[in-house]
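What follows is a short report on a single structure.
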4 protein chains.
Amino acid sequence: MKNNIILSWIEEGVVSIPSFLFSEYKSIGLTDLECMLILQLHAFMEKGNSFPTLEELSNRMTLSLEQCSQTLGSLLTRGYLEILKGHTDQGIYFEKYSLQPLWKKLINHQLLVEKEQTEQQLKLEEG
Amino acid sequence: MKNNIILSWIEEGVVSIPSFLFSEYKSIGLTDLECMLILQLHAFMEKGNSFPTLEELSNRMTLSLEQCSQTLGSLLTRGYLEILKGHTDQGIYFEKYSLQPLWKKLINHQLLVEKEQTEQQLKLEEG
Amino acid sequence: MKNNIILSWIEEGVVSIPSFLFSEYKSIGLTDLECMLILQLHAFMEKGNSFPTLEELSNRMTLSLEQCSQTLGSLLTRGYLEILKGHTDQGIYFEKYSLQPLWKKLINHQLLVEKEQTEQQLKLEEG
Amino acid sequence: MKNNIILSWIEEGVVSIPSFLFSEYKSIGLTDLECMLILQLHAFMEKGNSFPTLEELSNRMTLSLEQCSQTLGSLLTRGYLEILKGHTDQGIYFEKYSLQPLWKKLINHQLLVEKEQTEQQLKLEEG
């Protein structure tokens, strides 16, 4: 029986998250709970489910269904998340979440940090 | 400048978290916030810092220093986390966090789930 | 333009491979080239393509199409890999690779190593 | 006994490799064997050993110690790898491998691919 468990651990695998998200989510304006919800979305998306329902999300979280709904709405409004809509090659309508807006915010944040560091260093050198 | 950012993304890399933690943390009794704190601990540990201070943790989180302290204390008391103490080969004293208790809880949870599934199937077969 | 590249790096993401595979593939009888082919398979499978063609594999590798074919054949015969066949819920026939046989070999190898270590320690204690 | 194995799998964890390396190493001039050696280096580096010896590398590989040495030498000469030397804050001399040259080659390759695609599209639009 236990062999099955090891196999399922290996096959379920891991969720991989850019390290910068952990160190910078607060700097780009996210709360701990909002980040946790985003990580759950990311986990579903990595496993091939790119549009988990509110039930699927809240089943795994201590946030209630209503709180999940409100938090997702807020993330969409504030531009951390977007919903893409379209048709597959077979003409089937789909909706899916995209975390591109989040990654863009993180990249812009880092460009800004790097620019400030460069300017500060120049000032130091100029005396 | 932007090349540096790509390089730092690659070199900072990712934090890898067992998928089962995302699907089962609620089942083993953790809240969303407690899990977020554990993920931050895990992120520090993966980068080689196995005993981050309360300041390091709360600097990255919207939890206050006091809330971090209380939550860590509760996780230690309830057996999701432990602190290992010892001396290195060079005789230097160290303390570090270990997530072994958490992984053990997850494994036991899955063994239980699997056992129940097997028993239920046997009942069905017996009619 | 470069922002796109950072985004595509983030979205393409990483391939995650159990550390034990790197340290133990030689011990369980694989060559460097065989392991590289398995890693390519694993990379395709993680991106949702669970039955890459010989062309897809050899396009990415310096192994020729014929060498890929021979190596895959040998891995199947020697029990490191298997092909699962079936029908989807919609009745569509599919074939896909499974790395379960490989993971089982790795697990058994580690169980053996651990057993030998325990026995050796017992002998030492008995004097 | 088996619980230990699950725990050690979890704690050993995974090696995370940018997906682009798998799809593009051939395009940037690496052979399958050279890439396998680089992956082994990367695996050691992720576990905190940033200057594995030839013995440590060849112990895990079917490449002989001499072949490892030759391949590493060739990767250094051809600019896929470099050795950084320095002193720690405590004044201890160190040498370590860096894969920055490899990541730079990958980034430049992708910038080129993207540029060609943009130009081709412009031509198509101009007729």
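First the proteins, then the strands, lettered A, B, ... as listed; each starts at 1. Note: hydrogens, waters and symmetry copies are ignored here, and every other heavy atom, side chains too, is used.
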Evaluation steps, side chain to side chain contact (heavy atoms under 4.5 Å, CB included), between D:Leu111 and D:Ile107: CA-CA 6 Å; D:Leu111 284 169; D:Ile107 294 166; 4.1 Å; yes
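Across all their heavy atoms, D:Lys47 and D:Val14 have their closest contact at NZ-O, 3.8 Å.
Side-chain atoms of D:Tyr80 come within 3.5 Å of backbone atoms of D:Ile28 as a donor-acceptor pair (strictly under, hydrogens ignored).
Most heavy-atom pairs under 4.5 Å with chain D: of the set C:Thr62, C:Leu30, C:Leu106, C:Asp32, this distinction falls to C:Asp32. Note on C:Phe44, C:Tyr25, C:Phe22: by heavy-atom pairs under 4.5 Å with chain D, the leading option is C:Phe22. When the candidates C:Cys35, C:Ser27, C:Ser23 are compared by the number of heavy-atom contacts under 4.5 Å with chain D, C:Ser23 comes out ahead.
Between C:Leu54 and C:Leu72, some side-chain heavy-atom pair lies under the 4.5 Å cut-off.
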